[in-house]
There are 4 protein chains.
Amino acid sequence: MSDHRQGPVRSEAARIAVLEATARLFATRGYDHMTMEGVAAEAGVSKQTIYRWWPSKGALIADCLLERRLLPDQLTLPDTGDVRADLTSWIATIFRVLDRAGESLLRSLIAAAAENVEVGQRLHASLGMESSLTDRLRSAIDAGELRADAPLAEIGEALVGSLILRALSRQTVDEAGAARFVTAVLGASRA
Amino acid sequence: MSDHRQGPVRSEAARIAVLEATARLFATRGYDHMTMEGVAAEAGVSKQTIYRWWPSKGALIADCLLERRLLPDQLTLPDTGDVRADLTSWIATIFRVLDRAGESLLRSLIAAAAENVEVGQRLHASLGMESSLTDRLRSAIDAGELRADAPLAEIGEALVGSLILRALSRQTVDEAGAARFVTAVLGASRA
Amino acid sequence: MSDHRQGPVRSEAARIAVLEATARLFATRGYDHMTMEGVAAEAGVSKQTIYRWWPSKGALIADCLLERRLLPDQLTLPDTGDVRADLTSWIATIFRVLDRAGESLLRSLIAAAAENVEVGQRLHASLGMESSLTDRLRSAIDAGELRADAPLAEIGEALVGSLILRALSRQTVDEAGAARFVTAVLGASRA
Amino acid sequence: MSDHRQGPVRSEAARIAVLEATARLFATRGYDHMTMEGVAAEAGVSKQTIYRWWPSKGALIADCLLERRLLPDQLTLPDTGDVRADLTSWIATIFRVLDRAGESLLRSLIAAAAENVEVGQRLHASLGMESSLTDRLRSAIDAGELRADAPLAEIGEALVGSLILRALSRQTVDEAGAARFVTAVLGASRA
DNA sequence: TACTAACCGAGACGGTACGTCGCGTCTTCAC
DNA sequence: GTGAAGACGCGACGTACCGTCTCGGTTAGTA
């Protein structure tokens with residue numbers, strides 16, 4: 001009748017400790033100076049326990065991303081009724097929060113995404129590409145701010161892509177720069 | 001009496017061998033499975049010779065980028081008089097050439113850029129952000145295809161950024177997709 | 001009222017399975033490539049069941065030795081009435097049976113004995129040092145083959161010791177070699 | 001003309017440090033609680049440097065044995081003109097020096113020999129089986145203490161074998177015991 | 001009949017050590 | 001003064017077993 005496994009169950013405490021240690025070390029050291037041994041030590045867990053549940057460093061990051069442990073809550077896209085202002089402040093906030101000078105969290109995420117499929121996809125989702133960003137744009141259409149036939153997906157990718165490109169070439173984006181992006185990309189779609 | 005250095009000068013043969021080996025291994029193994037020891041062996045050169053002239057793996061890649069050893073010639077932006085067609089085919093070509101299934105050259109470049117300043121900046125330039133792309137857009141203004149006040153830099157970043165975002169999330173871009181990007185981003189600037 | 005334990009008793013099936021698995025793995029892999037986890041798996045038993053009843057790998061081996069599961073029956077010392085012939089053929093048989101080229105059972109036993117007290121003592125007994133060998137020598141005295149004051153214990157140790165030394169230095173002992181040992185050691189005690 | 005390799009030469013300092021650390025740890029911890037990492041740390045050397053020159057723990061021990069770093073000098077077989085006394089005191093000394101109660105150096109050597117060919121052979125040699133012991137016996141023949149046809153090799157193996165057997169079964173050998181061995185084994189060969 | 005302790009399998013856990021890889025520095029010899 | 005060769009100290013990798021532990025299920029005895 002029952003198909004439950006027998007034996008001890010996965011330790012939730014260990015799982016949490018690992019994810020927290022990962023988030024902490026990722027934020028402080030960056031993707032490629034974060035080591036599995038470091039995570040194990042920081043989490044007070046044996047290396048084997050990590051490898052038992054996560055096949056690689058990338059999977060660990062992806063999991064943190066999935067559980068919203070890497071990106072602060074401030075990064076949620078606001079909805080004040082003014083798309084342009086909302087997108088502008090969102091972009092500026094992302095940069096302010098994630099892209100410190102030397103070791104940038106955003107750049108670390110990009111590095112992780114570049115070498116791990118799962119992270120790539122989770123990052124895509126986490127930046128709102130799969131819901132919140134297009135949702136926001138759609139609500140702008142409903143509000144009559146954008147034309148009904150505006151290419152939402154492309155607009156979203158253009159905005160987030162610009163962001164990532166800037167992070168890669170070590171250029172910051174301030175409020176004014178963000179506004180320029182938004183204007184350039186949204187221009188054609190104004191109602 | 002003389003202030004000339006004495007002894008042999010830098011071996012051009014070694015320099016070429018290293019850059020070629022780097023390009024070869026970068027293309028086959030990707031950025032982070034490419035090792036300095038591997039390059040030395042492949043180039044038939046000692047490790048010391050590499051470290052004497054390049055401070056890091058990133059610098060090696062950046063140098064290859066500078067000497068146009070990593071990106072094939074096909075990637076130059078065409079100028080047929082039709083901006084939209086030119087940009088579309090350029091984007092599609094980049095994807096066709098750089099983004100093979102498993103080990104993508106584009107993704108490797110992104111990884112390298114993410115962890116090395118120099119590569120980040122060289123990549124930015126190599127993708128045309130510093131001249132050919134904006135040049136092409138400017139010539140489109142001259143030809144009356146785009147409005148005189150079109151935000152060239154932002155348009156360029158949006159296009160290239162979209163590309164990179166797609167590479168990171170493992171989605172391909174075909175001719176049609178490229179066209180959608182171009183339309184979305186250029187829309188506002190049509191003359 | 002009662003001081004009987006309650007609950008099920010020790011599973012004889014598990015006990016047998018463990019000892020058989022131990023003997024099998026000890027013979028095939030040798031002492032130090034035999035693992036507790038391997039024994040548990042081979043026996044279809046949980047690790048805990050092993051550790052519940054045996055404190056260590058050594059104890060497991062010692063127990064196998066005690067139950068005569070490691071050494072084949074052929075190794076019993078014959079008694080044909082001719083001590084020299086009996087001892088000679090016994091030694092030769094031990095070597096023929098226990099000391100195959102690469103992974104020698106005899107050498108594995110020595111390794112086990114070297115790092116575990118109990119095994120050391122069980123091995124000592126199993127090789128006849130505590131009864132059958134001295135018994136045989138004593139019966140040779142009774143038969144008038146040896147002098148009444150022959151130092152039985154020393155003779156036994158000399159014979160078995162020679163054997164072990166040969167096993168350690170990877171030299172085989174054939175019938176002729178065995179005969180030489182017996183002659184050398186028994187020589188002084190001929191009646 | 002020259003067939004010399006070029007490049008740096010093996011560091012003698014590292015070699016010595018490793019052998020000394022090995023001898024030290026072998027003596028204090030015993031064969032199987034001596035770890036490669038421990039040796040590396042104790043020697044102030046990287047693990048890789050050990051593995052570059054020695055394939056295994058056994059090889060390390062064998063090398064120490066070869067360089068006479070494990071067995072103290074006191075163990076050389078004396079030659080006072082009285083074979084029986086010499087052998088007796090030699091055996092007693094070996095036991096006094098090598099076979100402390102808990103962790104016996106002799107037993108560790110046996111364990112090492114049991115699982116490593118090279119150690120087995122080096123140990124055989126180090127205990128004098130290949131020269132000093134048979135030399136001593138031969139000189140006893142010359143001195144007329146033993147019969148000319150005494151089986152030297154067998155006598156040697158019987159003595160050393162008895163020793164090893166005693167070490168394995170955790171029985172000590174004092175002066176009197178040693179004397180009994182010598183008498184038993186040499187008895188037949190008295191001139 | 002129900003309770004309850006001791007058994008059993010499975011296997012997760014914190015550890016220690018393994019043997020390997022690549023780093024960036026260094027030393028040696030040849031040109 | 002370069003360059004090839006490659007040894008060195010170092011740090012991390014991913015794996016193998018250790019011995020302990022926690023599970024759910026099963027099996028005797030009481031009570």
Side-chain angles (χ1 to χ4, degrees), chain A residues 2 4-11 13-15 32-38 40-41 43-53 55-57, chain B residues 4-11 13-14 17 32-38 40-41 43-53 55-57, chain C residues 1-2 4-11 13-14 32-41 43-53 55-57, chain D residues 2 4-11 13-15 32-38 40-41 43-53 55-57:
Chain A
S2 158
H4 293 355
R5 299 192 315 85
Q6 83 188 136
V9 93
R10 173 170 184 182
S11 156
R15 206 190 117 257
D32 44 299
H33 295 105
M34 176 193 113
T35 69
M36 295 303 256
E37 298 209 326
V45 136
S46 90
K47 245 198 307 183
Q48 190 54 50
T49 294
I50 301 186
Y51 282 109
R52 191 165 9 242
W53 303 110
S56 65
K57 198 161 69 159
Chain B
H4 290 3
R5 295 190 310 87
Q6 83 186 150
V9 293
R10 173 172 186 182
S11 157
D32 44 298
H33 296 104
M34 177 193 110
T35 69
M36 297 300 258
E37 301 208 326
V45 138
S46 86
K47 272 199 290 178
Q48 186 56 46
T49 297
I50 300 184
Y51 282 107
R52 181 143 37 219
W53 303 109
S56 67
K57 195 161 72 159
Chain C
M1 167 88 58
S2 153
H4 289 2
R5 300 190 308 88
Q6 86 187 143
V9 294
R10 172 173 187 180
S11 155
D32 43 299
H33 296 103
M34 177 194 111
T35 70
M36 296 301 259
E37 301 209 325
V39 172
V45 137
S46 86
K47 271 200 290 180
Q48 186 57 47
T49 297
I50 300 185
Y51 283 107
R52 184 154 25 228
W53 304 109
S56 67
K57 194 160 74 159
Chain D
S2 158
H4 293 355
R5 296 193 316 87
Q6 83 188 137
V9 92
R10 173 173 185 181
S11 157
R15 206 190 116 257
D32 43 298
H33 295 105
M34 176 192 114
T35 70
M36 296 302 256
E37 298 209 324
V45 137
S46 89
K47 246 197 308 183
Q48 190 54 50
T49 295
I50 301 185
Y51 282 108
R52 186 159 19 236
W53 303 109
S56 65
K57 196 161 70 159

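The basis for the numbers below is simple: all heavy atoms, side chains too, and nothing from hydrogens, waters or symmetry mates.
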Between E/dC13 atom C1' and A/Arg15 atom CZ, what is the distance in whole Å?
16 Å

Short side-chain N/O contact to E/dC13 OP1/OP2 from A/Arg52, under 4.0 Å
yes

So which nucleotide from E/dG15, E/dC23, E/dC8 ends up closest to the side chain of B/Thr35?
E/dC23

Shortest non-hydrogen separation from A/Ser56 to A/Met36 and the atoms involved
C-CE, 3.9 Å

Given atom CG of B/Asp32 and atom P of E/dG22, what is their separation to the nearest angstrom?
12 Å

Whole angstrom is fine here: how far is it from CE in A/Met34 over to C1' in F/dC13?
13 Å

Considering only F/dT20, F/dA4, E/dA5, which nucleotide approaches the side chain of C/Tyr51 most closely?
F/dT20

When you get a sec, tell me which of E/dC18, F/dA4, F/dT22 is the closest nucleotide to the side chain of B/Thr49?
F/dA4

Picking from F/dA5, E/dC8, E/dA10, the nucleotide nearest the side-chain atoms of C/Ser46 would be E/dA10

Return the minimal non-hydrogen interatomic distance between B/Ala43 and B/Ala17, and the atom names on each side.
CB-O, 3.5 Å

Of the listed F/dC8, E/dG11, E/dC7, the closest approach to the C/Gln48 side chain comes from E/dG11

Length of the line joining A/His33:NE2 and F/dA12:C1', which is rounded to integer Å:
12 Å

Looking at every non-hydrogen atom in both residues, tell me the closest pair between D/Ala40 and D/Ser46 and how far apart they are.
CB-C, 4.2 Å

Can you measure B/Glu37 atom CD to F/dC8 atom P for me and round it to whole angstrom units?
14 Å

Please find the pair of heavy atoms, one from B/Glu37 and one from B/Lys47, that lie closest to each other, and give the distance.
OE2-NZ, 2.8 Å

Between the base of F/dG14 and the side chain of A/Lys47, is one N or O donor paired with an acceptor at under 3.5 angstrom?
yes

Output the single nucleotide from E/dC8, E/dT27, F/dC8 whose closest atom is nearest the side chain of C/Trp53.
E/dC8

Answer yes or no on whether D/Arg10 is positioned over the face of D/Trp53, meaning its NZ or CZ is under 6.0 Å from the six-membered ring centre and within 45° of the axis.
yes

Rounding to a whole Å, what distance do you find between D/Ile50:CD1 and F/dG9:P?
9 Å

For DNA chain F, whose closest nucleotide is more 5', that of D/Ser11 or that of C/Pro55?
D/Ser11

Nearest-nucleotide check on DNA chain E, B/Ser56 vs A/Ala14; residue mapping nearer the 5' end is A/Ala14

Under 4.0 angstrom, heavy atoms only, what part of the nucleic acid is D/Gly38 near: base, sugar-phosphate, or nothing?
nothing

